Amino acid sequence: MRADQSMNTSRDAAVAALADLPREPGVSKPDPILIADNVVRRFGGLTAVDVDHVEVQRGAITALIGPNGAGKTTFFNLLTGFDKVDEGEWTYNGKAIQGVPPYKVARMGMVRTFQLTKVLTRLTVIENMRLGATGQRGERVLPSVIRALWSGQEREITERADDLLRRFKLDAKREDFAGSLSGGQRKLLEMARSLMVNPELVMLDEPMAGVNPALTQSLLGHVKDLRELGMTVLFVEHDMDMVRDISDWVIVMAQGKIIAEGPPHEVMADTRVIDAYLGAHHDQSLAEIAEEEGLDVAGEILDTDGGVQT
Amino acid sequence: MDWGFIFTTSMSAAIGISAIVFCLGAIGLNIQFGYTGLLNFGQAAFLAVAGYGLATTVTTLGLNFWLGIVVGMAATVVLAVILGIPTLRLRADYLAIVTIAAAEILRLTLRSVAFKDTFGGSDGLQQFSDAFYKLNPISPGAYDFGPFKYNEKSWWVIIVGWSLVAVWTLLVFLLMRSPFGRVLRGIREDEDAVRSLGKNVYWYKMQALILGGLGGAFAGFMLALGQSAVSPDAYATNLTFLIYVVLIIGGAARVFGPILGALIFSFLFQFVDVVLDQAVNTGLITFITSTQAAQIRLVMVGVGLMLLMIYRPQGILGDRKELQLDAR
Amino acid sequence: MVHWSVTRVIAVIVAALGLLGTVAVVSAGPASAEGEAIQGTLRDLAGAPVVGVTITVSNDGGFSDSSVSDAEGAWAVEVPGPGAYSVLLDEDTLPDGTTPPTVNPITTSADPGTPRFINFRLGERERNVQSRWDRAAQLSVEGLRFGLVLALAAVGLSLIYGTTGLTNFAHGEIMTFGAISTWFFNVNLGINLIGAAVLGVITAGVFGWAQERGLWRPLRKRGTGLIAMMIVSIGFALALANTYLIIFGGASRPYADYDSQAGIEFGPVSLTPKDMISMVIAAVILAIAGLALLKTRMGKATRAVADNPALAASSGIDVDRVIMVVWISGAALAGLGGVMLAMTQQVSYLMGTQTLLLIFAAVTLGGLGTAFGALVGSLVVGMLIQLSTLWINPELKNVGALLVMIIVLMVRPQGILGRRSRVG
Ligand SMILES: Nc1ncnc2c1ncn2[C@@H]1O[C@H](COP(=O)(O)OP(=O)(O)OP(=O)(O)O)[C@@H](O)[C@H]1O
Ligand SMILES: [Mg+2]
């Protein structure tokens, strides 16, 4: 299944596989793990997501970028079953999975993290990790009562969890409540925990927001490792350096639509992308930003009170 | 003031039938609210369904007592499923409102004239507990153990009741130290996170509701048997609220929380009652009547619940460290 | 400004209520412990006694006793003490041809030392041979009236939820507060009901102010969680309702004015003048509240806070002030609702508690946190409750409304006008 085995690393394989593709939105990939068609989500009058066609290449690291409110998180929510589409269908590993509940999506190996981290506050870090493992015998109500039935498996899970904690530099926090972690540490925990599910496709929503630069570097290493281990990564990120550094392919979203695709350096040179994203906010009025964020009522007040002039 | 009398009646109440009912009800609620975070405000309905399941089978249908117990438990499971299907997908506060509404629907139906032949209207049903008391090995008479004074019937209820408490407490302990308990606690913290890790949250919540409902069912059996009667208004929403008070006093999500809470609450409830009553009767307090003294107790329960929730929401057994997290 | 700690405030509230209670009790004179009974005489429309009918009196405390009407149609049940009782006429024991009473069971309360008389109105439906449509018309008007009562309470509940996230289980007690304080002004101080109601509504507003200032705001500042606050409100409701019981007693009592007015017929619909006037007042006040929410600065600010408190604060809105205004006006509206409710079913300490669930049903139907949703939901629930008695036994009418709420939530978990909250 995986791309050309004669290559040295998965990275080279991924880059090579994507090298000759046309640079246009919705381009088809040689070996897509995820294909979405005509995905639409509206909130009242606002069309948050309106994606005609997009494919995510297996074994590659794909970045999804776009201005605030572009619909990236909503798109993640839709794909993973956390939100319901108004229209559209998509396949994962060739299986149609629209309407499949989130937990089944996760069990199929498509695991996501959240932009607003969701750590389980009053569980310890190691408990958070253990919870990520799938297929636990002790999670069924009857066997759970007899420890002997699940203690062996629990040991294996704990080993795997400790290993990941070390990699993510959280081993010192092992016994602390997750609620006592800092914002950046929570991001790390959430990412590590998602790996406990043994995913095939990892979807990270702003994994580096709030993580300090030194750790970012080592985390980037981990993300690259995931690819070497055969996983596919799709991530949302605003930090362009990181996008440039690790992604094999970049998809740009604006106002719910995919507006550009291509390798990182080319996409970032694209004028449409610069207009829509990188440079756009400088000459946008505050009221427009407010509107884009869906805060129309507040905007109205700002206007009527004359508090903020633009 | 007869302090000896006040002490013995209060101590007796601490282990008495209502303490048992509160305790078993709170054990069930602990699984639902304490560990899983389900705001079930319809716990009284689970007690009612079990009590009525038993009473209807024996009194109305004239069938066997043990069949009645089975029917009561089955009815609880059915109630949990019926209640769970629409509500477990809802946000926590909606769940609270819907469960309270469901409990009220049930109570109004049980006491309605339309079903008087089956459920006995507002009188309820009696005469279903003979088989239970026939099993009583204690010969008739009053027995005192230290401050605890009861007759043979009450002792039988107390022995059976606290044995059930012990079994349920062990069960909760075993469940909650396991990965199953971990999933439940995870759901309490953030169900979307647990969902994203491939757990069928809906099904886990359903299981918690059923398990907790069964805890409530045993409370319902003990209430029905202890009074040898079921009557619809005993299962009003206030009963659910009192069970919450008991759980919160002891400490939610603590294995021994319900036991401690039930002992303390039942003691205090009786204590205040007797003290006020004596104070009124001996002329120590002149500005209230003894009826009002009983009402003052409920005011105190309300204020107590507020203060507890504000200053010690983790209860007596709660963990301070855990609590500090909430402030973030 | 003085900083009030939560405990101190609770202590003050309880002490104040306690003091009021003592005053009330002392003025009521020594209560006798015996002689409470509930009794009545059953007669048909022609005035002939109705014999052999079983009547059962019961209460929440498990008391239950019955009596059979004698040759004179008289029945009586001794009750253990003052308090609320439910009086149920067993319709199966009525002689053939006698139409059952429309209200059954009747909820009442026994006063200390005196018997309470209950009249079941038998054969009422025979008197006005109404078509189903006529009854539907009458019930719609009554439903509208009840819907307006619910709306008065629901708007405040919903806005408080919207701006602070609090699911307030003590909101029914604000209704009772308005009704009882109006009763004090009206009966004890002899002020005409209209003036008394104005004072009562103001008092309810002040009560809202005191709650927010002394309890809810400090709790928010301490960072108390929403679920914890909800449980606090349950404790508060329990404490308040029982305090009312101590102060006001278990009896239902009417206002001194306009107690029994004759209905005016409008085609199939019969309405008393006080009903008409209070419906108009309620509708006008709700319209004003709606307009204020839409047009005034404060109204817009309220909606902004409900939409996103953090953003509203950062755009210069004084969130605490908005919440205070919501509390005061929400409580005043609920107080008015309480007065209106008491005009049809008399003042009782439990009236708010008993209505709370229906208010919740209304608010939930409309979508938690939206004021206009609450309005729509209230009217739907009010109508539904009354109209459902066309088909179902009146004792089960609330069951119907609550069931509909549950079913709507199954189909539309965010309520009729609510929005889904976002994930992630
Ligand atoms: N539950 C919701 N209700 C109403 N509007 C919503 C909801 N969820 C998202 N939106 C709107 O949809 C649009 C897309 O939001 P989304 O969170 O997907 O943006 P994003 O691309 O992830 O932005 P960011 O980079 O800031 O995270 C926004 O305008 C947002 O306000
Ligand atoms: Mg986002």
Side-chain angles (χ1 to χ4, degrees), chain A residues 77 80-82 101-114 116-124 127-147 149-151 153-154 157 176-183 190 193-194 196-199 203, chain B residues 31 34-37 77 88-89 167-168 170-212 214 252-254 313-314 318-328:
Chain A
N77 287 347
T80 49
F82 278 89
Y103 77 93
K104 282 194 185 153
V105 172
R107 282 189 199 166
M108 291 165 120
M110 181 166 158
V111 176
R112 56 91 54 97
T113 64
F114 296 88
L116 304 170
T117 33
K118 293 186 182 299
V119 297
L120 307 168
T121 319
R122 281 180 291 170
L123 263 56
T124 60
E127 289 274 77
N128 263 272
M129 294 294 290
R130 286 187 187 124
L131 188 64
T134 44
Q136 298 189 41
R137 277 189 292 277
E139 284 182 355
R140 275 175 298 147
V141 64
L142 291 178
S144 76
V145 183
I146 303 159
R147 186 176 215 153
L149 293 180
W150 47 265
S151 56
Q153 197 185 22
E154 184 87 345
I157 290 170
D176 289 4
F177 281 122
S180 70
L181 297 184
S182 73
E190 205 187 41
R193 192 180 62 194
S194 72
M196 287 296 291
V197 189
N198 280 333
M203 301 171 64
Chain B
I31 299 175
Y35 290 102
T36 320
V77 175
L88 292 180
R89 291 187 203 281
V167 171
W168 269 94
L170 178 68
L171 183 68
V172 170
F173 168 76
L174 292 175
L175 282 174
M176 293 310 153
R177 70 164 184 186
S178 75
F180 175 79
R182 183 162 66 214
V183 178
L184 295 193
R185 282 179 289 131
I187 291 172
R188 176 188 68 196
E189 300 301 315
D190 191 327
E191 56 176 82
D192 280 330
V194 176
R195 223 170 246 135
S196 77
L197 298 173
K199 319 289 176 201
N200 187 350
V201 168
Y202 186 65
W203 175 230
Y204 278 104
K205 289 209 265 185
M206 185 67 94
Q207 294 180 83
L209 194 63
I210 292 174
L211 277 171
L214 283 174
R254 300 282 134 190
Q314 77 276 38
D319 184 342
R320 261 240 155 258
K321 207 171 104 203
E322 233 179 58
L323 195 77
Q324 282 162 356
L325 298 174
D326 291 343
R328 294 168 75 89

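Predicted model, so just to flag it, every value in this text is computed and none were measured. Note on naming: letters A, B, ... go to the chains in the order of the sequence lines (proteins, then strands), and numbering restarts at 1 for each one.
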> Could you look at A:V197 and say if it's the side chain, the backbone, both or neither that has a heavy atom under 4.5 Å from chain B?
side chain
> Would you mind checking which part of B:L184 comes under 4.5 Å of any heavy atom in chain A, side chain (CB onward), backbone (N, CA, C, O), both or neither?
neither
> Are B:R195 and B:N200 close enough that a side-chain donor and a side-chain acceptor fall under 3.5 Å?
no
> Starting from the C-alpha separation in whole Å, work towards a yes-or-no answer on salt bridge (Lys or Arg N to Asp or Glu O under 4.0 Å) for B:E189 and A:K118.
CA-CA 9 Å; B:E189 300 301 315; A:K118 293 186 182 299; over 6 Å; no
> Relative to chain B, which segment of A:T134 carries a heavy atom at a distance below 4.5 Å: side chain, backbone, both, or neither?
both
> Find the one option among A:R193, A:Q153, A:E190, A:K104 whose heavy-atom pairs under 4.5 Å with chain B are most numerous.
A:R193
> Return the set of residues passing ring-ring contact (aromatic ring centres under 6.0 Å, His included) with B:F180 (not counting sequence neighbours), or none when no residue passes.
B:Y204
> Which one wins on heavy-atom pair count under 4.5 Å against chain B: A:G81, A:G132, A:P143?
A:G132
> Quick check: do B:M176 and B:I31 have side-chain heavy atoms less than 4.5 Å from each other?
yes
> Please classify the contact between A:Q136 and chain B as side chain, backbone, both or neither, with a heavy-atom cut-off of under 4.5 Å.
side chain
> Assess the residue pair A:R137 and A:E154 against the criterion (salt bridge (Lys or Arg N to Asp or Glu O under 4.0 Å)); give the C-alpha distance rounded to whole Å, side-chain angles, the decisive distance to 0.1 Å, and a yes or no.
CA-CA 9 Å; A:R137 277 189 292 277; A:E154 184 87 345; over 6 Å; no
